K.L.:
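Let me begin by handing over the structure; questions about it come next.
Just so you know, these numbers use all the heavy atoms, side chains as well, and skip hydrogens, waters and symmetry mates. Just so it is clear, the structure is predicted and the values come from calculations on it, not from any experiment.
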Amino acid sequence: MTLLQRIFGTVLPALVRKEFIQIRRDRRLAISLVIPPTMQLLLFGFALNATVENLNLGIVDFDHTPQSRDLIANMTESRSFRLGGTYTSDRQLGDALAQGEIDAGLVIPADFARDLARGRQSTVQFLLNATNANTAAIAQGYAQGVLRDWNLHPQFITAPRPVQSPRPDQARGRVLLRSAFLFNPGLVSAWFIVTGTFGVLLVLNGSLIASSAMIKEREKGTVEQLLMTPASTTEIIIAKIAPLFALLCGMILLAATIIKVVFDVPFRGNFLLVLVGAQLCVLCGIGIGTVIATFTRSAQQAQLMAFFVNPPLATLSGALTPVEAMPHWLQPITIINPLRHFGIIARSVLIKGVGLETVWPNFLALIIFTVIMLSFSVWRFRTQLG
């Protein structure tokens, strides 16, 4: 009998069967091999989509003619845009873009129909929120496509009877699109990515550090020693959270420095607002990590559970791709994601330069989520101490 026959004929098959039986008995391992990959593939497939549809389009129509209304209808009835609101002035349209109420704006001049009827060119202005450079470029392409089709198939454009026969190029007017990229004229795509990744790093690092610290305390048995001290459970929990919070606040300043120096992101608004939002994100991450630690028994289990929790948080945050690119049924879920709200705060304050009067709903959502996660983590930790 050769060495291979002896190994494969006796020892190895028995060992393999034993390992399969062991894996079958470990339900957590089986679940971690099935559910997380399935969920992540579905989320990545749906959420990380470069196609942008149903962008909110604001309208300023100074002409109010059948021609202008037909152009608006062609724009808003396409899959690319939907009517986000009508405004009476350019200023109102710009404010709506700054506050995030709309994604783009169309301004039709007062002499729009008259110029077309006389065979002249008429220029409409197309304003774009270029905070996300990729979305702005795609939206511009969509608008140009709709306008090109409208020029080829006019419904209301008719030239008046001239005294002499017009030249062929004066048979009817054409509409030109003049685009203006607001907040990011250079279309620097890194501004969108780094401001979104900022919050992702804070929450992910906060959860990983907190869960790791809690599990090490439990494995070393120091939690039981703390229970022998005169300190209350609340004091123990605060004492554990405070150093982690201070350490991660240092990471906030480091990340902000890199964003400013390396990527040249403009700090147009009050950086204190971003700093407060980042601190709330850190507390969210610590709360998530503490909850993960209370549901697991070892560092390996904590890593598996964090791998199940953190990627969906990052994917559904709008940090890498805009929320508008996600399916309609998936977009409401992002409202309960703290990373989405911090991304809106960071981009609105740093790139747009808006103030608290615009981003206060996002701050409120971030505060509510932070309070819920910290309260739940404290309750779970107290239960384990008891």
K.L.:
Less than 4.5 Å apart, side chain to side chain, heavy atoms only: is that true for Leu330 and Leu316?
P.N.:
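A side-chain contact exists here, since the closest heavy-atom pair is under 4.5 Å.
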K.L.:
Is there a donor-acceptor contact under 3.5 Å linking the side chains of Asp70 and Trp150?
P.N.:
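Indeed, the side chains of Asp70 and Trp150 share at least one donor-acceptor pair under 3.5 Å.
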K.L.:
Taking the cut-offs as 6.0 angstrom to the six-membered ring centre and 45 degrees off its axis, would you call Arg380 and Phe295 a cation-pi pair?
P.N.:
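Here Arg380 passes the 6.0 Å and 45° test against Phe295.
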K.L.:
If the test is side-chain hydrogen bond (donor to acceptor under 3.5 Å, both in side chains), which one of Thr88, Asp90, Asp95 qualifies with Gln92?
P.N.:
Thr88
K.L.:
Give a yes or no on whether the ring-centroid distance for Phe342 and Phe198 is below 6.0 angstrom.
P.N.:
yes
K.L.:
Give the cluster check for Leu83 versus Phe126: same hydrophobic cluster or not, with ILVMFWY residues linked at side-chain heavy-atom distances below 4.5 Å.
P.N.:
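Yes, Leu83 and Phe126 fall within the same hydrophobic cluster.
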K.L.:
To the nearest 0.5 Å, what is the distance between NE2 on His341 and CD1 on Ile368?
P.N.:
9.0 Å
K.L.:
At what distance, to the nearest 0.5 angstrom, does CG of Asn184 lie from CG of Asn132?
P.N.:
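Those atoms lie 9.0 Å apart.
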K.L.:
Check the pair Gln140 / Ser179 against side chain to side chain donor-acceptor pair (under 3.5 Å), numbers first and verdict last.
P.N.:
CA-CA 7 Å; Gln140 183 192 29; Ser179 301; 3.1 Å; yes
K.L.:
Membership question, hydrophobic clusters at under 4.5 Å side-chain separation (ILVMFWY): are Ile258 and Leu202 in the same one?
P.N.:
yes
K.L.:
Would you say Ile102 and Leu57 make side-chain contact, with heavy atoms under 4.5 Å?
P.N.:
no
K.L.:
Identify the two heavy atoms, one from Ile259 and one from Val194, that lie closest to each other, and give their separation to 0.1 Å.
P.N.:
CD1-O, 4.0 Å
K.L.:
State yes or no: do Leu201 and Leu280 share one hydrophobic cluster built from I, L, V, M, F, W and Y residues joined by side-chain heavy-atom distances below 4.5 Å, directly or via other members?
P.N.:
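Leu201 and Leu280: separate clusters.
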K.L.:
Could you tell me the separation between the OG1 atom of Thr135 and the CG atom of Leu55, rounded to the nearest 0.5 Å?
P.N.:
7.0 Å
K.L.:
Do Ile215 and Val378 share a hydrophobic cluster (ILVMFWY, side-chain heavy atoms under 4.5 Å, transitive)?
P.N.:
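No, Ile215 and Val378 fall in different hydrophobic clusters.
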K.L.:
Testing the basics here: between Ala130 and Ala136, what is the closest heavy-atom pair and its distance to 0.1 Å?
P.N.:
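For Ala130 and Ala136, the tightest heavy-atom pair comes out as CA-CB, 3.8 Å.
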K.L.:
Shared ILVMFWY cluster between Phe369 and Val203, side chains joined below 4.5 angstrom?
P.N.:
yes
K.L.:
Write down the atom of Val60, the atom of Ser89, and the distance for their closest heavy-atom approach.
P.N.:
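Closest pair (atom of Val60, atom of Ser89, distance): CG2-O, 3.6 Å.
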K.L.:
What closest approach, in Å, do Ala293 and Met214 show between heavy atoms, and which atom pair accounts for it?
P.N.:
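Distance-wise, the nearest heavy atoms are CB-CB, 3.5 Å.
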K.L.:
Flag the pair Arg82 / Thr76 as yes when at least one side-chain heavy-atom distance between them is below 4.5 Å, and no otherwise.
P.N.:
no
K.L.:
Testing Leu339, Ile345, Ile344, Val276 for side-chain contact (heavy atoms from CB on, under 4.5 Å) with Leu366, which one passes?
P.N.:
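Answer to the side-chain contact (heavy atoms from CB on, under 4.5 Å) test with Leu366 among Leu339, Ile345, Ile344, Val276: Ile345.
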K.L.:
Do Val124 and Arg178 have side chains that get closer than 4.5 Å, going by heavy atoms?
P.N.:
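No, their side chains stay 4.5 Å or more apart.
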K.L.:
Show the nearest heavy-atom pair for residues Lys352 and Ser348, with the distance to one decimal.
P.N.:
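What the structure gives for the nearest pair is CB-O, 3.1 Å.
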K.L.:
Side chains of Thr195 and Arg347 only: does a donor on one sit below 3.5 Å from an acceptor on the other?
P.N.:
yes
K.L.:
So, Arg340 and Thr334: side-chain donor and acceptor under 3.5 Å apart, yes or no?
P.N.:
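On atom types as modelled, these side chains qualify, holding a pair under 3.5 Å.
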K.L.:
Are the side chain of Ser212 and the backbone of Ile209 linked by a donor-acceptor contact shorter than 3.5 Å?
P.N.:
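Not confirmed, Ser212 side chain does not pair with Ile209 backbone.
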K.L.:
Can you confirm whether Asn310 sits close enough to Ser207 that some side-chain heavy atom of one is under 4.5 Å from a side-chain heavy atom of the other?
P.N.:
yes
K.L.:
Evaluate the side-chain contact (heavy atoms from CB on, under 4.5 Å) criterion for residues Trp191 and Thr131: first the C-alpha distance (whole Å), next the side-chain angles of each, then the deciding distance (0.1 Å), finally the verdict.
P.N.:
CA-CA 7 Å; Trp191 291 2; Thr131 304; over 6 Å; no
K.L.:
As a quick check of understanding, evaluate side-chain contact (heavy atoms from CB on, under 4.5 Å) for Leu313 and Ile288, giving each step before the final call.
P.N.:
CA-CA 11 Å; Leu313 276 177; Ile288 293 171; 3.8 Å; yes
K.L.:
Can you see which heavy atom on Leu176 is nearest to which on Gln121, and at what distance?
P.N.:
CD1-OE1, 3.2 Å
K.L.:
Please identify which of these residues, Leu350, Ile351, Val354, meets the side-chain contact (heavy atoms from CB on, under 4.5 Å) condition with Arg268.
P.N.:
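One option only clears the test, and that one is Ile351.
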K.L.:
A side-chain contact here means heavy atoms from C-beta on lying under 4.5 Å apart; do Phe81 and Asn56 qualify?
P.N.:
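No, every pair of side-chain atoms sits at 4.5 Å or beyond.
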K.L.:
Whether the Asn337 and Ser317 side chains hold a donor-acceptor pair (N or O, under 3.5 Å, no angle test) is what I'd like checked.
P.N.:
no
K.L.:
How long is the straight-line distance from CG of Leu106 back to OH of Tyr87, given to the nearest 0.5 Å?
P.N.:
13.0 Å
K.L.:
I'd like to know if the side chain of Asn74 and the backbone of Leu147 have a donor-acceptor N/O pair within less than 3.5 Å.
P.N.:
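Absent.
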K.L.:
Would you compute the distance between atom CG of Leu71 and atom CG of Asp61 and round it to the nearest 0.5 angstrom?
P.N.:
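Going from CG on Leu71 over to CG on Asp61, the span is 9.0 Å.
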K.L.:
Quick one: does Phe192's side chain get under 4.5 Å of Asn134's, heavy atoms only?
P.N.:
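A side-chain contact under 4.5 Å is absent here.
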K.L.:
If you measure from CD on Glu357 to CD on Gln99, what distance do you get to the nearest 0.5 Å?
P.N.:
8.0 Å
K.L.:
Hey, are the side chains of Ile108 and Gln125 touching, using non-hydrogen atoms and a 4.5 Å cut-off?
P.N.:
no
K.L.:
Around Ile336, counting heavy atoms of other residues, nucleotides and ligands shown, do more than 12 lie under 6.0 Å from its CD1?
P.N.:
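12 or below, so no.
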